[in-house]
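Both counts, for ligands and for their atoms, begin at 1 and track the order of listing. Predicted model only: the values in this text are computed from it and were never measured.
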Amino acid sequence: PAGFEPPYLQNLNPAQRQAVETVDGPVLVLAGAGTGKTRVLTTRLAHILSTRRAWPSQVLTVTFTNRAAREMRERVAHLLGTPTEGWWMGTFHALAARILRRHAELVGLRSNFSILDTDDQIRLIKQLIEADGIDSKRWPAKVLLGVIERWKDRGLTPAKLKPADAGEVAQGRMLQLYVAYQERLRTLNACDFGDLLLHNLTIFQEHAEVLADYQDRFRYILVDEYQDTNVSQYLWLRLLAQKHRNLCCVGDDDQSIYSWRGAEIGNILRFEQDFPGAAVIRLEQNYRSTSHILAAAGGLIAHNQGRLGKTLFTEEQGGDTVVVRTVWDGEEEARWVGDEIETLQRQKVPLNEVAVLVRAGFQMREFEERFLTLGLPYRVIGGPRFYERQEIRDAIAYFRVVAQPDNDLSFERIVNTPKRGLGDATIQLLYQASRALGVPLTEATLRLIETDELKPKPRGALRSLMGDFQRWRAMLETGSHVDMARTLLDESGYTAMWQADKSPEAAGRLDNLKELINAMEEFETLLAFLEHVSLVMENESGKTGPQVTLMTLHAAKGLEFAHVFLPGWEEGVFPNQRALDDGGIAALEEERRLAYVGLTRAKRRAYVAAAANRRIHGQWQNALPSRFIGELPDANVEVTSGTGFGNERFADAAPTRLWTAPAQSGFMRRAPVTIEGSGYEVRERPRPSRSFGIGDRVFHQKFGYGEVRSVDSDKLTIAFDHSGEKRVMDSFVVPAAE
Ligand code: ATP
Ligand code: MG
């Protein structure tokens with residue numbers, strides 16, 4: 001009836017409402033973070049269904065994760081009281097897989113085809129490389145797989161390529177390899193992730209009747225996080241939308257963070273060309289964050305060149321400035337974050353409103369340790385927690401057998417890892433002996449190897465393993481437990497096992513093992529460390545209720561939290577080293593967009609941290625504060641220093657000095673600028689006035705007192721009283737107190 005207004009429309013501003021009510025025809029919603037894009041999409045779906053324009057089975061909704069799909073489905077179902085069967089809602093992969101299962105035979109597969117993971121893909125490519133005599137040193141499987149995946153991202157089947165397209169890659173045989181790879185997959189009745197979309201495209205192109213069927217079915221198509229679609233996903237959408245042309249995509253070019261997976265920002269630009277007459281709607285009011293957070297994020301992203309540009313405002317004036325904390329090292333960083341979270345907890349902030357977002361997985365361990373020590377419940381999104389990982393459990397099992405020879409479970413876990421040729425029969429025999437003698441497995445083993453119960457081969461293997469354990473145990477008495485741990489991982493063949501493993505996860509596992517050694521260094525003895533691990537593991541089981549969220553920035557897209565911690569804003573960590581080595585502006589700008597995504601997750605407060613020293617994979621490195629810190633507008637941040645900078649005079653000088661952007665960013669050399677239309681003015685920051693001269697007495701937190709010997713822009717050579725001559729960053733040095 002006229003004048004009736006469904007309640008769900010009342011929670012929208014005029015622009016959002018327009019985006020919801022422009023139901024027919026192509027619509028592109030291009031808007032900044034937190035402006036309600038996802039809300040618009042959910043409401044639009046509710047609107048389409050409640051106005052009976054379509055049944056749930058006639059709307060295709062693409063979300064960024066399966067979890068996002070579930071949430072959206074629940075919300076709409078709740079809003080409308082509609083049953084949720086037959087909904088086409090999910091990620092590109094999930095939706096394409098569903099279509100492919102129905103028509104698998106059209107591309108030579110059966111409907112129960114399997115989907116390979118990266119592990120399997122690599123193994124397959126390796127076999128082909130070997131068979132083809134391609135030099136696998138020069139052309140590692142991982143690299144060649146990357147080439148195939150990028151082709152697939154761009155919708156390119158072998159038929160669409162010419163041999164010259166890959167140039168000299170794989171000695172000119174890249175296309176041949178691609179063909180062979182696809183053939184192998186077909187014989188295995190398998191496909192990889194890229195194929196899901198690609199096979200859909202092939203089916204649609206070769207079987208007009210199948211395409212027509214889906215084109216008829218999907219009266220409305222809705223797409224979230226559109227900025228991260230790749231070409232083949234775009235082509236898929238375009239084909240499916242061709243009949244009804246009711247395609248609505250929402251996105252933000254400033255949040256495009258998957259170009260390394262083939263996402264094409266150009267898809268936003270071509271939308272208006274491919275769908276002439278498309279309504280382009282911009283949302284400008286941010287409902288998520290306070291003005292300081294928004295202005296800080298806006299000031300940061302204004303440093304990117306290739307932007308479509310947009311205005312953003314919030315009615316949430318005031319609020320807190322973004323906290324920038326400089327700390328001594330990763331440990332202090334974790335301590336600070338833990339303390340702040342406890343303070344929030346006392347202020348009755350629910351923990352599920354708190355997130356720690358890291359650039360790289362290795363940063364997580366220190367936070368996990370701290371949270372466990374404090375008893376703060378937390379969850380890791382996108383992977384197992386550190387101490388639950390397979391390689392960590394294995395290593396710990398070894399350490400346990402060293403320290404506690406009667407730990408049967410640990411012994412059983414590692415006795416044949418890596419493979420020592422011990423079969424089930426041998427293990428059974430060990431257990432029998434253990435029960436019969438009433439002694440632990442290790443003791444039983446020691447006795448068994450003196451008998452003829454065991455065949456010579458397993459007996460030899462066990463004898464040498466028991467000898468190893470005795471030696472490692474002896475090492476504990478004379479040396480440090482950390483040295484013992486390193487030796488053990490080497491001599492047991494455990495490290496070698498992962499080095500030989502060519503799966504893509506292997507490198508990460510080796511990094512984790514190094515990180516485990518780092519963790520051990522924080523304890524006096526092996527027993528103290530193992531005790532800690534037991535407590536950790538115990539804490540981990542069965543926690544329910546609100547938890548702090550720990551995840552990577554990439555995984556945080558689309559989410560929001562009241563309080564967001566952003567640690568590790570240091571050159572080489574964030575922006576990460578690969579982006580810096582790459583040297584290209586594109587890689588750096590993608591890092592900056594990732595920083596923008598991070599900041600804009602925060603509703604009430606954002607906390608950025610930078611450590612002066614970072615132990616990366618077992619090695620201490622001096623770190624410079626990230627250029628992104630220097631790019632945050634002064635007016636929106638508040639800089640504080642941690643205890644690592646305890647010297648009072650340093651505390652004075654540190655902030656300005658620390659958050660000055662590194663010179664190579666070009667920022668320092670630029671005149672004051674106002675970014676047109678951004679609403680953010682960026683000022684050049686004055687260089688700190690103090691500088692060091694030859695002969696100055698200085699103090700350095702790690703090396704102590706010394707005298708400056710030479711000065712080279714931002715680096716000093718200092719003769720330290722007790723640590724000899726070292727090159728250090730001048731930012732980490734203060735004048736010695738007289
Ligand atoms: P992102 O770019 O991070 O994905 P987004 O544009 O999708 O953000 P939403 O997540 O939809 O933004 O909305 C951000 C927050 O603002 C949510 O908490 C949402 O409920 C709220 N919000 C959106 N629109 C309105 C509105 N008109 N009135 C009140 N709150 C709103
Ligand atoms: Mg969103």
Closer than 2.8 Å to the Mg ion (ligand 2) - protein N, O or S atoms, ordered by chain and residue number: Thr38 OG1
Region of Asn11 engaging ligand 1 - heavy atom pairs below 4.0 Å: backbone
Within reach of ligand 1, part of Glu560 (heavy-atom separation under 4.0 Å): side chain
Between [X] and [Y], does any side-chain donor sit less than 3.5 Å from a side-chain acceptor?
{"X": "Tyr226", "Y": "Asp252", "answer": "no"}
{"X": "Tyr258", "Y": "Thr229", "answer": "no"}
{"X": "Arg379", "Y": "Thr549", "answer": "yes"}

Out of [options], whose heavy atom sits nearest [atom]?
{"atom": "atom 3 (O) of ligand 1", "options": "Lys557, Arg601, Gln255", "answer": "Arg601"}
{"atom": "atom 11 (O) of ligand 1", "options": "Arg39, Gln227, Gln10, Arg17", "answer": "Arg39"}
{"atom": "atom 12 (O) of ligand 1", "options": "Pro14, Gly36, Ala15, Ala31", "answer": "Gly36"}

Carboxylate-amine/guanidinium proximity below 4.0 Å for Arg307 and Asp254: yes
Is the ring pair [X]/[Y] parallel, tilted or perpendicular, if the boundaries are 30 and 60 degrees?
{"X": "Trp236", "Y": "Phe92", "answer": "perpendicular"}
{"X": "Trp336", "Y": "Phe565", "answer": "perpendicular"}
{"X": "Phe628", "Y": "Phe574", "answer": "perpendicular"}
{"X": "Phe371", "Y": "Phe367", "answer": "tilted"}

Check: Ala587 main-chain N/O paired with Asp582 side-chain donor or acceptor under 3.5 Å: no
Arg578, CZ atom: more than 12 neighbouring heavy atoms under 6.0 Å: no
Within-shell test, Thr35 vs ligand 1, heavy atom, strictly < 4.0 Å: yes
For [atom], find the nearest protein heavy atom and state the residue, atom name and distance (0.1 Å precision).
{"atom": "atom 10 (O) of ligand 1", "result": "Arg288 NH2, 3.0 Å"}
{"atom": "atom 5 (P) of ligand 1", "result": "Lys37 N, 3.4 Å"}
{"atom": "atom 21 (C) of ligand 1", "result": "Tyr287 CB, 3.8 Å"}

Gln16 neighbourhood, listing ligand 1 atoms whose heavy-atom distance to it stays under 4.0 Å: 23 (C), 24 (N), 25 (C), 26 (C), 27 (N)
For Gly558, atoms of ligand 1 separated by under 4.0 Å from a heavy atom: 4 (O)
cation_pi(Lys603, Phe561) dist<6.0 Å, angle<=45: no
Separation between OG1 of Thr38 and CZ of Phe64, rounded to the nearest 0.5 Å: 11.0 Å
Gly34-ligand 1 polar pair, N/O distance under 3.5 Å: yes
